[in-house]
Amino acid sequence: MIHPDLTMPLPTELGAVHFTGIGGSGMSGIARLFLSAGHAVSGSDRSENHNTENLRDLGATVFIGHDASHVGAADALVYTGALWPDNPEYLEAVRRGIPVLHRSQALAWLINHKRLVSVAGAHGKTTSTGMIITALLALDAAPSFVNGGVIQSLGVSSSFGEGELFVVEADESDGSFLLYDTAVALITNVDADHLDHYGSHDAFDAAFVTFAERAKELVVVSSDDPGAVRVTGMLDHHRVLTFGEDAAADVRLHSVVTDGPVSFRISWQGQDYSATLTVPGHHNALNAAGAFAVLVGLGYDPTRSLDGIATFAGTERRFELHGTVRGVSVYDDYAHHPTEVAAALAAARSVVGAGRIIAVHQPHLYSRTRDMAGEFAEAYEKLADHTIVLDVFGAREDPIPGVTGATVTKLFADQGRVDYLPDWQQAADRAAEIAQDGDLIMTLSCGDVYRIVPQLLSSLDAIGRS
């Protein structure tokens, strides 16, 4: 991967902008904003998806595949952290001497002195950001925003608003969240990940300390997550609000009911407030508490803030229902870390009732699979009834010899509850063969596993007709 130079001064002007990796959830949102701001936008990605199609409809020129000629007459190139240094478009931009910006630098250029709310953490960023945005819209605050996933009720992941606030999902994976001029920082958790970049748990924690200390107005941080508690203990910030189920939390979550759509109560400054969400799972009650802490920390009315959060209907690729065939519901989720997998499966359990959960896991990154295979196996064996494991989606990494999906499956104590099936059609057929009326099939990964969903639905239909 390309390591961004975050010390590079941003250009005063940007004309036509080319995005290498334009189809990604974050990149497409930033490209949309550049189009809204009147820039000529082009871009490329390795395959079509709904983001590339939507951007074409908005006027962007989008190529499939990467080639130096695609840069065309662009005045700047924006790249994603998953890009390799030998990418022909990146090399062409360097050869021509035009500005080459990491996506966080392009976003920082767009924010342009707005009052910034940055949401960071190893898990829960997209949902927490979506909750804050949804509530601010309900509060008539007209925020600008860039989220890491499409907010279902809005149909977009980004937009310019007339208000003073700009809300972003801040990516910690490569340290680029330190670039932003943040006013309010929300830290959902500090569960060590991306050690391929940071090198150690201590360095990972230190980055979050720096992120928090740079927030000019307020830091909101989990009281429950051990990593977040470590970070809080190292802070010397003038204003910190904690949230969670810990008895000492400033915003205390309690009375959580997860049977169906999650309901809960929040204690804040001696008063109790209650809500029922439209999204399931205990983890979403925690996400809501963090979003609530941001909003009341900004000065918004507690009741109206929580009412606004409760209208949040989810984001794409976060417990997203794609269809039901012969009584079997097929969901997709972005979970790609053991903690996220556990949360997603727990939410699925609250929805499926007496039915069973069949998980389809696509390991993401060779290093994460190597380092966390045992934790993945434990989460799936504990919380799913059967697991089908595909091969590793390498993303920005070269293969590591001996690391495959079997690295996870061989660590299951009960080998009868897991299959390693690198062939996607075989995997879809196996899931459909196992599934019965009332069951739930869920794909989990931040790779391209969502592309197997049509095969799953088709296999379910074929077995139903046989």
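No hydrogens, no waters, no symmetry mates; every other heavy atom, side chains included, goes into these values. Quick caveat, the model's predicted, so the values are computed rather than measured.
Under the ring-ring contact (aromatic ring centres under 6.0 Å, His included) criterion, Phe243 pairs with no residue, sequence neighbours left out. For Arg370, the side-chain contact (heavy atoms from CB on, under 4.5 Å) partners are Ser367, Ile400, Val403, not counting sequence neighbours. Listed by chain and number, the residues in a side-chain contact (heavy atoms from CB on, under 4.5 Å) with Ala93 are Leu77, Ile98, Val100 (sequence neighbours excluded). With sequence neighbours excluded, no residue satisfies ring-ring contact (aromatic ring centres under 6.0 Å, His included) with Phe412.
Judged purely by distance below 3.5 Å, without hydrogens or angles, the side chains of Glu245 and His282 pair a donor atom with an acceptor atom. No side-chain donor from either of Asn51 and Asn54 sits under 3.5 Å from a side-chain acceptor of the other. Between the side chains of Ser445 and Gln362, at least one donor-acceptor pair of N or O atoms lies under 3.5 Å. For the residue pair Ser69 and Asp67, a side-chain donor N or O sits within less than 3.5 Å of a side-chain acceptor on the partner.
The OG atom of Ser28 sits 12.0 Å away from the CD atom of Glu53 when rounded to the nearest 0.5 Å.
Applying the salt bridge (Lys or Arg N to Asp or Glu O under 4.0 Å) rule to pairs touching residues 200-211 yields Asp205-Arg230, sequence neighbours excluded. Residues in residues 399-410 take part in no salt bridge (Lys or Arg N to Asp or Glu O under 4.0 Å) pair, two or more places apart or across chains.
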From CA spacing to verdict: ring pair (Phe, Tyr, Trp, His ring centres under 6.0 Å), His254, Phe264: CA-CA 6 Å; His254 63 95; Phe264 54 88; 9.4 Å; no

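Between Tyr380 and Phe376, the ring planes lie parallel to each other; the angle is under 30°, not in the 30° to 60° tilted range. Using cut-offs of 30° and 60° for the angle between ring planes, the Tyr79 and Tyr90 rings count as perpendicular.
Among the candidates Val352, Asp333, Asp332, Val330, the single residue satisfying the side chain to side chain contact (heavy atoms under 4.5 Å, CB included) test with Met442 is Asp333.
Under a 4.0 Å N-O distance rule, the pair Arg430/Glu433 qualifies as a salt bridge.
Note: Tyr180 and Phe211 fail the aromatic proximity criterion, with ring centroids not under 6.0 Å apart.
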